[in-house]
Amino acid sequence: MIYLDAAATAPVRTEILELIKPLLTTEFGNPSSRHLRGTGAAAALDYARTTAATALGCRPGDIVFTSGGTEADNLAVKGLALAAPRGRHVVSSQVEHPAVLESLRYLERSHGFRLTLLPVDGDGRVDPAAAAAALTPDTTLCTIMYANNEVGTLQPVTEVASACRSLGVPFHTDAVQAAGWLPVQVRDLGVDAMSISGHKLGAPAGCGLLYVRGALPLEPLLHGGGQERGKRSGTENVAGAVAVAAALALAVAEQDDAARRTAGLRDRFIREVLGGVPGALLTGPAVQRLPGHASFCFPGTAGEAVLLEVERRGVLCSSGSACAVGSDEPSAVLTAMGLDRETAQTAVRFTLSPHTTPAEMEHAASAVIDAVAAVTGTAVQGQ
């Protein structure tokens, strides 16, 4: 099977497995323990923090290890908003990941926050001028994702971060999809907080991190033993911390070559699908999108039916965010971009890994063209 669902999860890299195996077997220990095995675990955790900080261009003390991107987003949004003394207003967008949007709705529902959710254009992009105009003296936080998980759109995070910085508003970005494909040096981006997930990068599921600029106050979600300098209590997942940090470092080192090669495969795949499927719509921009991301709507079909037909032809893909599986509602991202409900429900997403080959993409394009033809042909015959 050809796997084109890398935005949902990626396989664990062999290097990462070899690196963390001792931490799960012979060299396990609680970093808070004062015996030899505990101090060894503490040293491994320090290595992970330094490795992650080097990859992001920040101080080790700015890294908080989490259970993944969802926790990192929750900690950033709730933790920064609740700790900030400025007021009770947050600016975000209509196309954020549910981990951000549901955190915002919690703040609105339980703490009386006022939300400004910025609209997007037909490519799913926020207007940086509109974001700047939405900031007020009582804005406690602005959070805009770096790259969209459903349609691959790159957001103008540096411009928005600059506007926030000029007014003293903390800025957070969800970089779960961007890490490994786009630059993540936090000073260059101008961000105050950034979320990263390990299992998109070749680490196991269940590990992630949040960068938070050290001077910012952060209200913890978890209380207890005061681990992670009081920002995230609970016995540290040492193997997970090492895994996400090492996977991030590898991805950053390989980023330029991977992005360049994969973008070429993506562009050819998009051309072949649009040329071979009458009426197919590319969702998101043609250029300002993630290198490994191609997403379409196929009007007149059902997205799930196309998925099944594509899988029958040896290709695994998805209908959108893996975090929204089971929902009968059309994608909120696509409807925010102006697509009607019927068209939005025909969405199919293909996401490449740095290891996807030209031959696999050639086969995938043929599979998509044949699958849509099969679905529409069946619909015609059944009328």
Quick check: is [Y] connected to [X] through a chain of hydrophobic side chains (ILVMFWY, heavy atoms under 4.5 Å apart)?
X	Y	answer
Val91	Met194	yes
Leu104	Val212	yes
Leu218	Leu82	yes
Phe350	Leu282	yes
Leu135	Leu80	no

Test your reading of the model: is there a side-chain donor-acceptor pair from [X] to the backbone of [Y], 3.5 Å cut-off?
X	Y	answer
Asp62	Tyr211	no
Ser331	Val333	yes
Glu27	Pro22	no
Arg271	Gly275	no
Ser197	Lys200	no
Thr343	Leu339	no

key: Sidechain N-carboxylate O distance under 4.0 Å for Glu309, Arg312   =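 Result for this pair is yes, salt bridge flagged.
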
ask   = Is it true that Arg114 and Asp138 make a salt bridge, defined as a side-chain N closer than 4.0 Å to a carboxylate O?
value =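 A salt bridge links Arg114 with Asp138.
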
task = Using the salt bridge (Lys or Arg N to Asp or Glu O under 4.0 Å) rule, take Glu254 and Arg13 through it: C-alpha gap first, then chi angles, then the decisive distance, then the call.
result = CA-CA 13 Å; Glu254 298 166 356; Arg13 296 181 62 144; 2.9 Å; yes

Using distance alone, with no hydrogens and no angle criterion, decide if [X] and [Y] have a side-chain donor and acceptor under 3.5 Å apart.
X	Y	value
His89	Thr116	yes
Glu228	Ser233	no
Ser92	Thr143	no
Ser162	Glu159	no
Thr356	Glu360	no
Asn74	Ser103	yes
Thr70	Asp73	no

request  = Check the pair Gln288, Arg125 against side-chain contact (heavy atoms from CB on, under 4.5 Å), reporting the backbone distance first and the verdict last.
outcome  = CA-CA 9 Å; Gln288 291 298 314; Arg125 193 171 189 269; 5.6 Å; no

task = Check step by step if side-chain hydrogen bond (donor to acceptor under 3.5 Å, both in side chains) holds for Ser295 and Glu150.
result = CA-CA 7 Å; Ser295 53; Glu150 290 190 42; over 6 Å; no

task = Could you go through the side-chain contact (heavy atoms from CB on, under 4.5 Å) check for Arg349 and Val151 one step at a time?
result = CA-CA 8 Å; Arg349 179 185 73 171; Val151 296; over 6 Å; no

Which value, rounded to the nearest 0.5 Å, describes the distance between [X] atom [atom1] and [Y] atom [atom2]?
X	Y	atom1	atom2	result
Trp181	Tyr146	CH2	OH	14.0 Å
Asp5	Thr351	CG	OG1	5.0 Å
Asp257	Thr262	CG	OG1	10.0 Å
Gln155	Asp127	CD	CG	10.5 Å
His199	Thr9	NE2	OG1	5.0 Å
Thr66	Leu75	OG1	CG	8.0 Å

key: Contact summary for Val277 and Val372, nearest pair of heavy atoms   = CG1-CG1, 3.6 Å

query = What heavy-atom pair brings Met145 and Val157 nearest, and what distance separates the two atoms?
reply =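 In terms of heavy atoms, the two residues are closest at O-CG1, 3.6 Å.
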
key: Aromatic ring pairing Phe113/His111, orientation class (parallel under 30°, perpendicular over 60°, tilted between)   =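 Geometry flag for His111 against Phe113: perpendicular rings.
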
Mark yes when over 12 heavy atoms from residues, nucleotides or ligands other than [X] sit less than 6.0 Å from its [atom1]; otherwise mark no.
X	atom1	value
Arg313	CZ	yes
Arg187	CZ	no
Arg229	CZ	yes

key: Partner residues of Arg105 under the salt bridge (Lys or Arg N to Asp or Glu O under 4.0 Å) criterion, sequence neighbours left out   =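 Partners of Arg105 by the salt bridge (Lys or Arg N to Asp or Glu O under 4.0 Å) criterion, ordered by chain and then number, come out as Glu102.
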
inquiry  = Please give the remaining members of the hydrophobic cluster of Phe28, linking ILVMFWY side chains under 4.5 Å, ordered by chain and number.
reply    = none

task = Take Asp192 and His172 through the side-chain contact (heavy atoms from CB on, under 4.5 Å) test and state the conclusion after the steps.
result = CA-CA 6 Å; Asp192 298 296; His172 163 255; over 6 Å; no

key: Verdict with reasoning, Thr136 to Val169, per side-chain contact (heavy atoms from CB on, under 4.5 Å)   = CA-CA 9 Å; Thr136 70; Val169 176; over 6 Å; no

